[in-house]
Participant: 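Provided herewith is a single structure, encoded as structure tokens, for subsequent inquiry.
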Number of protein chains: 2
Amino acid sequence: MTQTATKNRILDAAETLIARDGYAATSLRAITMEAEANVAAIHYHFGSKQALLEALFDRRVGSVNDERLRRLDEAEQEGDRVPPLEEVLRIFLEPALCRLGSEDPGWTRFTQLMGRIQSESGEHVQAIHHVFSRIRERFVAALHRSLPDLSAADIAWRMHFLIGSMCFLMSDPCRLSVMTEGRCDASDPEQALTQLVAFMRGGFASPAASLETEPHS
Amino acid sequence: MTQTATKNRILDAAETLIARDGYAATSLRAITMEAEANVAAIHYHFGSKQALLEALFDRRVGSVNDERLRRLDEAEQEGDRVPPLEEVLRIFLEPALCRLGSEDPGWTRFTQLMGRIQSESGEHVQAIHHVFSRIRERFVAALHRSLPDLSAADIAWRMHFLIGSMCFLMSDPCRLSVMTEGRCDASDPEQALTQLVAFMRGGFASPAASLETEPHS
DNA sequence: GTCTATAGACTGATAGAC
DNA sequence: GTCTATCAGTCTATAGAC
């Protein structure tokens with residue numbers, strides 16, 4: 001399988017650079033230098049810069065999201081069980097966060113990439129978002145069952161806050177380490193998961209501050 | 001003061017485009033087209049693309065952060081008072097979020113820009129971050145006084161989650177609206193502030209899930 | 001203070017040899 | 001499947017007329 005060695009080197013290099021600098025700031029030339037390849041090889045294997053980004057996701061995102069769905073299915077036992085809030089949060093977060101501190105540097109890179117891309121805009125990112133929509137729907141539903149007193153709108157807001165915090169954490173684990181002078185290490189999955197689950201449990205369980213004009217539907 | 005009309009048009013155009021597309025994806029040419037100016041004018045008034053970004057912040061960020069500090073000073077009454085958690089959260093969030101729904105479209109643009117830039121990386125963003133460090137320190141201290149049972153590390157983690165959610169919300173208010181088919185409107189400051197404060201109050205007040213190996217310092 | 005013109009490097013993408 | 005060479009276009013930045 002040495003035939004695809006270049007292809008994999010390109011994928012690895014693109015993962016590294018886009019995770020670090022973002023999509024727009026990463027040029028194909030920078031990727032080829034990192035991969036010790038050339039621009040023609042990228043276009044041969046992928047066709048375009050955007051298709052390369054999609055290939056990056058195809059290679060790894062299924063593994064993360066399948067694990068989330070499988071564990072949620074297990075926890076729900078075909079609808080017979082309503083898993084408690086903390087369990088749903090952990091099932092959503094752990095498959096992503098545990099890879100952030102993986103021994104495989106490829107997974108570390110990809111997890112950062114996932115976080116960074118979510119914060120970007122433009123057409124290239126819209127082509128990616130669809131792979132998360134099914135995940136989103138399932139977990140919004142599960143969270144709503146765990147928190148029946150909240151309105152659908154409340155759940156949507158809080159899911160948004162959860163994703164924001166998670167992506168901010170994943171996209172650059174160094175940011176927190178630098179700001180705390182090393183006391184907090186976002187690339188330690190155990191620390192990150194413990195802290196994020198504890199915080200989000202409190203946030204989701206917080207009483208709804210409904211606006212007076214908006215009764216539950 | 002018609003002498004600076006071009007300069008202001010450039011600032012407005014840059015604000016709009018960088019807020020929407022990010023720094024790297026926004027070219028000076030795109031800015032000149034939006035501003036009905038030319039690249040030479042940008043270099044005359046600002047010197048470089050990065051200096052233009054810094055000028056964007058200089059124009060507005062002081063107003064937001066001064067309001068935060070002034071209100072926090074008031075609430076603390078020169079150290080005689082420990083404002084409760086919710087008050088600190090509101091003082092931090094309101095000056096930013098209320099501008100997201102401002103009648104002045106300039107403030108809407110700038111608030112989005114603030115959220116987006118925080119999620120980016122690269123040298124251009126490091127030149128900006130220093131304007132937030134003082135704010136960060138003051139509010140971390142205030143939060144810690146409101147929550148004396150948490151360790152400094154816990155506060156740092158939770159401040160990170162707060163900033164992540166806030167920036168995710170500000171950087172693209174449409175994201176949430178689209179995903180909820182209009183039921184949640186992130187550009188409505190009252191909704192956004194109510195939801196974010198309610199969530200963060202629960203998150204910060206959540207019992208610390210200290211790792212067994214890490215006693216409080 | 002604003003413009004045109006242009007420098008010099010880089011962009012994504014392609015053609016065609018091997 | 002990988003390469004060199006090159007396309008047409010864009011990038012930031014600058015020089016110099018007005």
Side-chain angles (χ1 to χ4, degrees), chain A residues 1-59 113 117 120-128, chain B residues 1-59 113 117 120-128:
Chain A
M1 201 62 77
T2 51
Q3 294 174 335
T4 56
T6 299
K7 188 172 180 176
N8 281 326
R9 281 207 318 281
I10 292 169
L11 285 167
D12 290 345
E15 209 165 49
T16 303
L17 296 178
I18 298 177
R20 194 189 63 192
D21 301 328
Y23 178 81
T26 303
S27 70
L28 295 185
R29 289 184 106 89
I31 294 169
T32 58
M33 288 177 70
E34 175 86 12
E36 299 184 74
N38 56 77
V39 277
I42 292 184
H43 281 92
Y44 171 77
H45 286 292
F46 305 101
S48 72
K49 188 185 180 184
Q50 169 147 345
L52 169 59
L53 181 69
E54 291 172 36
L56 242 39
F57 272 79
D58 286 342
R59 184 168 66 152
L113 175 65
I117 287 293
E120 295 191 359
S121 57
E123 297 173 22
H124 65 278
V125 70
Q126 288 182 319
I128 297 299
Chain B
M1 199 62 76
T2 51
Q3 293 173 335
T4 56
T6 300
K7 189 173 180 176
N8 281 326
R9 281 207 317 279
I10 291 169
L11 285 167
D12 290 346
E15 210 165 48
T16 304
L17 296 179
I18 298 178
R20 195 190 61 193
D21 301 329
Y23 179 81
T26 303
S27 70
L28 295 184
R29 289 183 108 86
I31 294 170
T32 59
M33 288 176 69
E34 176 85 12
E36 298 185 74
N38 56 78
V39 277
I42 293 185
H43 281 91
Y44 171 77
H45 286 291
F46 305 101
S48 71
K49 187 185 180 183
Q50 170 149 343
L52 169 57
L53 181 68
E54 291 172 37
L56 241 39
F57 272 78
D58 285 342
R59 183 167 66 154
L113 176 65
I117 286 293
E120 294 190 0
S121 58
E123 297 172 23
H124 65 277
V125 70
Q126 288 181 319
I128 297 299

Participant: Rounded to the nearest angstrom, tell me the gap between atom CE in B/M33 and atom P in D/dT12.
Facilitator: 13 Å

Participant: Do B/I31 and B/V39 have side chains that get closer than 4.5 Å, going by heavy atoms?
Facilitator: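 With C-beta onward as the side chain, the pair stays apart.
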
Participant: In whole angstrom, what separates B/Y23's OH from D/dT12's P?
Facilitator: 8 Å

Participant: Specify the separation, in whole Å, of atom CG of B/N38 and atom C1' of C/dA5.
Facilitator: 11 Å

Participant: Output a table of nitrogen or oxygen pairs between the protein and nucleotides 12-18 of chain C separated by less than 3.5 Å.
Facilitator:
{"unit_1": "C/dG12", "atom_1": "OP1", "unit_2": "A/L28", "atom_2": "N", "d": "3.4"}
{"unit_1": "C/dG12", "atom_1": "OP1", "unit_2": "A/K49", "atom_2": "NZ", "d": "3.3"}
{"unit_1": "C/dG12", "atom_1": "OP2", "unit_2": "A/L28", "atom_2": "N", "d": "2.8"}
{"unit_1": "C/dA13", "atom_1": "OP2", "unit_2": "A/H43", "atom_2": "NE2", "d": "3.0"}
{"unit_1": "C/dA13", "atom_1": "OP2", "unit_2": "A/K49", "atom_2": "N", "d": "3.0"}
{"unit_1": "C/dA13", "atom_1": "O5'", "unit_2": "A/H43", "atom_2": "NE2", "d": "3.2"}

Participant: Minimum heavy-atom separation for B/N38 and B/T32, please, with both atom names.
Facilitator: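 For B/N38 versus B/T32, the nearest heavy atoms are C-CG2, 3.2 Å.
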
Participant: Tell me the interatomic distance from B/I31, atom CD1, to D/dA13, atom P, rounded to whole angstroms.
Facilitator: 11 Å

Participant: Could you state the atom-to-atom distance from CZ of B/R9 to C1' of C/dG1 in whole Å?
Facilitator: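 From B/R9 CZ to C/dG1 C1': 12 Å.
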
Participant: Could you list all the side-chain hydrogen bond (donor to acceptor under 3.5 Å, both in side chains) pairs where at least one residue sits in residues 10-22 of chain A, not counting sequence neighbours?
Facilitator: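 Listed by first then second residue: A/D12-A/R59, A/D12-A/R109, A/E15-A/R59, A/E15-A/R60, A/E15-A/R109, A/T16-A/R109.
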
Participant: Knowing that exactly one of B/L52, B/L53, B/L113 qualifies, which makes a side-chain contact (heavy atoms from CB on, under 4.5 Å) with B/Y23?
Facilitator: B/L53

Participant: A/E36 has an atom CD; how far is it from atom C1' of D/dT2, in whole Å?
Facilitator: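 Roughly 14 Å, once rounded to whole Å.
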
Participant: For C/dG1 and B/T6 - does any side-chain N or O of the residue sit under 4.0 Å from the phosphate oxygens OP1/OP2?
Facilitator: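 B/T6 to C/dG1 OP1/OP2: no side-chain N or O under 4.0 Å.
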
Participant: Give the minimum heavy-atom separation between B/F46 and B/K7, together with the two atoms involved.
Facilitator: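 That closest heavy-atom pairing would be CZ-CG, 3.7 Å.
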
Participant: With sequence neighbours left out, write down each residue that passes side chain to side chain donor-acceptor pair (under 3.5 Å) with A/E54, or none if nothing qualifies.
Facilitator: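 Expected list: A/Q50.
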
Participant: Whole Å only: how far is the CD1 atom of B/I42 from the C1' atom of D/dA13?
Facilitator: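 About 11 Å, once rounded to whole Å.
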
Participant: For the pair made of CD in B/E123 and C1' in D/dT12, what is the distance, rounded to whole Å?
Facilitator: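 One finds 15 Å between C1' of D/dT12 and CD of B/E123, rounded.
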
